Amino acid sequence: MTAEDYAINVHAIPMFLMGIVTLGLGLLVFRSNPQSAAHRHFLALCASIALWLDATSLGLCATKPDTALAWFRLDNVGVMFISVAFYAFSAEFLRLHRPRSIWWGYGLATLLALAVLLRDDFVAGVHHYWWGYFPRWGPASVPFFLVFVAYMAAAFTDYVRTYSGVTTPIKRQQIKFVLIAFVIAYLGSVDFLPAFGYELYPFGYVPIFLLTVVVTVAILRYHLLDAALFVSMSATYLPLIPFTLVLVLLAHGLSHLSAAALASVLVGATVAFTALYVTFQPWLQSALNKALFPSRYDAYNTLTRFSHAMVMNLDLVNLQHEIIRTLQTVMRIEKLSLFLFEKELGRYVLKASHGVDEAQVNTVQLTSHEAFAGFLLSCNRPVVKEELQHESLGQQEGLSSTLLETLTEMDSEVCLPLVNKTRLIGFVNLGHKPSLEFYSHDELKLLRSLADSAAIALDNAMLYEDWKRSQLLIRRADRLRSLETIAGGFAHEVRNPLTSIKTFIQLAPSRREDPEFMDSFSAVVADDLARIERLIEEILDYARYMKPKFSLESLNDIVASCLHFIEVKANTLGVSIDKHLAEDLAPIMVDRQQIKQVLMNLILNAMDAMKAKGGRLTVATRSLTRLDGTRWVQIEVSDTGCGIAPEDLPHIFDPFFTTKHESAEHAGTGLGLSIVHQIIQEHAGTVEARSTVGKGTTFTLALPDRTTVDQQPTPPLSSTSPGKLVFFPGIPPQLRGQTGTYGP
């Protein structure tokens with residue numbers, strides 16, 4: 001053969017390139033797992049296809065019939081092995097033990113290949129069509145068709161039989177995918193028609209190559225073969241088919257041009273098409289997914305939106321149930337369960353579920369030190385039970401069986417680890433999908449993204465719950481701090497009624513015949529006992545009360561009650577008390593105990609500032625109306641103590657800021673004023689501080705004059721003063737991504 005025996009044929013170029021790529025794909029799959037018999041047979045299949053395509057393309061380029069005939073005999077050698085290689089791949093893929101029929105098949109294919117090369121009545125000659133030479137089959141091709149049909153029929157029968165009996169979702173989907181893929185691919189057998197004299201353009205290499213690519217990608221990248229993925233990817237590549245036909249027609253129409261000019265036109269058209277295809281391919285993929293799989297497309301969008309929205313949800317219980325509800329609704333999963341780590345118990349506890357036997361699931365006792373938790377933390381990706389059954393975990397003997405046993409006990413087909421940084425805060429168990437549908441690669445990828453967002457959201461919510469509990473403890477400690485002073489006032493208040501009761505008890509034996517004495521003293525004793533009972537109840541309520549309870553209360557009564565209790569301590573310290581209470585002050589909606597806590601905190605701080613040399617404590621109430629017409633009530637607490645330094649005044653509402661460091665006995669926590677500010681903020685009010693060193697400090701509280709809880713007026717602007725209005729946050733700084741003190 002010489003160079004004159006060949007000429008460039010545009011119809012042969014794509015066929016030749018696809019043959020080379022097909023062989024490369026087979027080698028790629030083989031290298032991924034050389035020990036797999038299925039991978040070895042897939043390599044044999046790809047090699048057979050490559051030999052068929054490349055030899056055919058060289059035959060198309062031949063200028064002489066004899067030269068073309070030689071290549072067409074070689075291409076039919078590849079054709080002889082395609083059906084047998086497919087049968088062998090299918091048998092290994094379906095885990096069917098068929099070594100004898102496989103080797104018999106390869107033996108028959110070898111004999112037929114030798115017959116093609118040695119006999120003249122198999123490929124009897126060539127046809128000459130407008131696209132070039134093509135083989136002409138003779139009568140000896142009949143045995144090949146018998147072998148081809150027999151092995152293909154056996155393979156398809158195995159697929160159908162296995163598919164009807166399989167009970168695991170991944171295997172079921174794999175079989176469906178491969179079966180559909182090769183049915184479509186073998187539509188390429190229309191290339192046999194020109195061999196019998198029918199002038200049909202041989203485009204069969206396009207679906208065969210396309211499906212080979214898709215199966216290879218699924219094996220190497222996805223491991224699981226998803227029919228939806230196959231359809232979506234295949235449909236995305238459909239524009240390649242009309243483009244190939246356009247190139248053929250273009251080459252045919254421009255055949256009068258020189259080879260260089262024709263090649264330039266074809267290359268330019270290919271470059272232009274590639275640029276357009278790359279630009280519009282993502283849009284096309286999205287449009288196809290939406291059109292072909294609307295439920296799956298909507299599920300992806302819903303889960304994506306939910307993964308962003310749940311990060312802002314700090315209600316732990318609501319968040320737990322919302323995660324389960326969304327997964328169940330969107331993905332139609334029958335059984336779900338959410339486990340979170342409980343520090344107090346030292347193990348993972350069931351927090352929310354749907355469709356599971358909670359009694360059975362609760363029998364699973366998992367700690368953070370067990371192999372199951374360690375495996376989830378190390379892999380940090382969705383763990384598929386069916387995949388785990390066929391995976392090797394290296395030298396960790398027994399780990400696989402332990403993991404499978406744990407997943408079975410929890411009715412889990414897929415386990416999503418919830419990992420935040422280096423901690424496994426929990427995991428979500430997902431059961432079977434309806435009709436044994438399997439979890440595709442894209443779904444697992446989306447679920448992993450959802451798990452990452454859920455881990456952050458749940459961790460934030462748990463931190464917020466811890467923060468709220470700590471705030472309750474701090475408020476309770478702050479209340480108990482003031483109980484010492486209240487106890488002194490209580491002792492003073494109880495002493496008088498106890499004196500009258502004691503007197504009545506002493507005189508009662510001798511005066512019991514005196515009706516006037518008994519009636520008058522009985523009434524006094526009853527009133528005094530009721531007074532003591534009210535005092536005890538108020539102290540207990542003040543010490544234990546935590547949750548806000550809004551009611552119509554008189555601020556003047558609350559102020560008077562607080563001042564009443566501290567009179568004894570004030571007299572001891574030489575502090576005089578001035579009250580200026582507005583007479584026309586109407587009741588407003590407040591939490592009585594919380595406002596009392598605020599006032600006791602400010603009053604005790606004022607008395608601490610005057611303990612060295614005494615002074616004057618002034619408490620005033622007044623009502624005011626803003627320019628916008630809203631009504632407010634003010635409470636002003638002033639002292640004549642040492643005052644607050646100008647550099648400290650902007651920070652007095654910061655958590656843990658304190659100036660009481662003179663002794664361990666009088667050291668402060670720096671939380672009192674933070675709690676004051678938080679309570680006033682929860683009442684939609686404001687608190688301001690003005691102070692002059694050596695002259696004293698004034699705190700001004702402003703509360704909205706409202707008679708119902710749902711009224712939410714705008715807080716008034718603070719007046720110009722050296723102090724600073726700082727809003728204590730409703731969310732702790734570690735959840736806001738901020739650090740440092742609050743305010744500028």
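Nothing here was measured: the structure is a model prediction, and the numbers come from that model.
For Tyr159 and Tyr163, the ring centers are positioned 6.0 Å apart or more. Ring centers of Phe372 and Phe427: under 6.0 Å apart, within the cut-off. Taking the centre of each ring, His127 and Phe134 stay at or above the 6.0 Å mark.
A donor and an acceptor atom, one from each side chain of His41 and Tyr106, are located under 3.5 Å apart. In this model, no donor atom of one side chain and acceptor atom of the other lie less than 3.5 Å apart for Ser412 and Lys335. Counting only N and O atoms by type, the side chains of Tyr87 and Ser101 include a donor and acceptor under 3.5 Å apart. Using modelled atom types, one finds no donor on one side chain facing an acceptor on the other under 3.5 Å when comparing Trp52 with Asn76.
Of all non-hydrogen atoms in Met15 and Ser57, the two that sit nearest each other are SD-N, 4.0 Å.
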* Evaluate the salt bridge (charged side-chain N to carboxylate O under 4.0 Å, His left out) criterion for residues Asp66 and Lys64: first the C-alpha distance (whole Å), next the side-chain angles of each, then the deciding distance (0.1 Å), finally the verdict. => CA-CA 6 Å; Asp66 293 341; Lys64 297 178 180 180; over 6 Å; no

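Asp158 contributes atom CG, which lies 15.0 Å from atom CZ of Arg95 (distance to the nearest 0.5 angstrom). The distance from atom CD1 of Ile20 to atom CG of Leu25, rounded to the nearest 0.5 Å, is 11.5 Å.
Taking the side-chain contact (heavy atoms from CB on, under 4.5 Å) definition, one finds that Leu69 meets it with Arg73, Val123, Val126, sequence neighbours left out. Listed by chain and number, the residues in a side-chain contact (heavy atoms from CB on, under 4.5 Å) with Glu405 are Glu409 (sequence neighbours excluded).
Ring geometry for Phe89 versus Phe93: interplanar angle under 30°, hence parallel rather than tilted (30 to 60°).
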